[in-house]
Each structure stands twice: as C-alpha cells, then as structure tokens.
Chemist: 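Questions regarding the structure given below will be posed in turn.
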Amino acid sequence: MAQSKHYQININAVNQALADQSLKKWWVAEFSGVHRTTFRRWLSGKTRFVLQQNAENLAKILELPLSDIA
C-alpha cells in the first residue's frame, strides 16, 4: 500500500480565503469531502496535518494553489 503524503494547513490563508470569498465553512467541508468537525479541527489547529488528497481538494474548492494553503 502506498503511503500518503501529509500537509500542514496554513490556517491564516484558509481563513482569509473563506472570508474573501464569503464561503461557509460547512459548505467547504462538504465539498472538500471531510466532515464539518474535521474541517473545524483543521482551522482550530487541533489537527496539524491533513492527507494530500484532502489538501488538494481544499485548494481546488478555494481556487488557490496548494502551495498557498499548505
């Protein structure tokens, strides 16, 4: 089984993108493919690293390069 790469989320960049685009956190969580609670943990810093696929999904939803949020 291949090992997945993990990324540390740039909380400030994600929160700024959410505010700039007037996006609801629950909506972003749902379309990123993660539970609302999981997304909330990312933004609070309780979860330090996320799977590569989740980080890529989040970047796509926020219309930002992965390097800007991870």
Side-chain angles (χ1 to χ4, degrees):
M1 186 166 125
Q3 188 170 356
S4 295
K5 192 171 184 180
H6 290 79
Y7 288 91
Q8 187 168 5
I9 293 294
N10 180 335
I11 298 167
N12 293 331
V14 172
N15 279 320
Q16 186 64 50
L18 291 170
D20 290 348
Q21 298 178 42
S22 300
L23 297 173
K24 300 287 185 188
K25 292 176 185 174
W26 68 265
W27 185 90
V28 174
E30 186 171 315
F31 282 91
S32 295
V34 298
H35 193 276
R36 295 176 188 187
T37 302
T38 300
F39 189 65
R40 196 169 29 241
R41 286 181 182 141
W42 294 355
L43 297 182
S44 70
K46 289 181 181 177
T47 300
R48 295 195 55 208
F49 295 95
V50 302
L51 292 173
Q52 179 178 355
Q53 185 63 51
N54 290 337
E56 289 171 353
N57 289 346
L58 180 59
K60 187 183 299 184
I61 295 295
L62 297 177
E63 299 178 345
L64 294 171
L66 181 59
S67 60
D68 283 3
I69 64 157

Chemist: Taking only residues two or more places apart in sequence, or in another chain, which ones meet R40 in a side-chain hydrogen bond (donor to acceptor under 3.5 Å, both in side chains)?
Modeler: T37

Chemist: Checking Q52 now: which residues fulfil side-chain hydrogen bond (donor to acceptor under 3.5 Å, both in side chains) with it, not counting sequence neighbours?
Modeler: E56

Chemist: Apply ring pair (Phe, Tyr, Trp, His ring centres under 6.0 Å) to W27 and list each qualifying residue two or more places apart in sequence or on a separate chain.
Modeler: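 Ring pair (Phe, Tyr, Trp, His ring centres under 6.0 Å) check on W27 returns F31.
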
Chemist: Between D20 and Q16, does the side chain to side chain donor-acceptor pair (under 3.5 Å) criterion hold? Intermediate values first, please.
Modeler: CA-CA 6 Å; D20 290 348; Q16 186 64 50; 2.7 Å; yes

Chemist: When hydrophobic residues are tied together by side-chain contacts of less than 4.5 Å, even through go-betweens, does V50 share a cluster with W26?
Modeler: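 The answer is yes; both residues are in one hydrophobic cluster.
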
Chemist: Which residues pass the side-chain hydrogen bond (donor to acceptor under 3.5 Å, both in side chains) test with Q21, sequence neighbours left out?
Modeler: none

Chemist: Mind checking the NZ-OG1 spacing from K46 to T38? Nearest 0.5 Å is all I need.
Modeler: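 Going from the NZ atom of K46 to the OG1 atom of T38 covers 12.0 Å.
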
Chemist: Could you measure the distance from the CG atom of L18 to the CG atom of L43? Nearest 0.5 Å is fine.
Modeler: 6.5 Å

Chemist: Let me have the donor-acceptor pairs involving side chains of residues 57-70, under 3.5 Å, with sequence neighbours excluded, atom names and distances please.
Modeler:
{"from": "N57", "atom 1": "OD1", "to": "Q53", "atom 2": "NE2", "distance (Å)": "2.9"}
{"from": "N57", "atom 1": "ND2", "to": "S32", "atom 2": "O", "distance (Å)": "3.2"}
{"from": "N57", "atom 1": "ND2", "to": "Q53", "atom 2": "O", "distance (Å)": "3.4"}

Chemist: Taking ring-ring contact (aromatic ring centres under 6.0 Å, His included) as the cut-off, I'd like each qualifying pair that reaches into residues 42-70, sequence neighbours left out, listed once.
Modeler: F39-W42

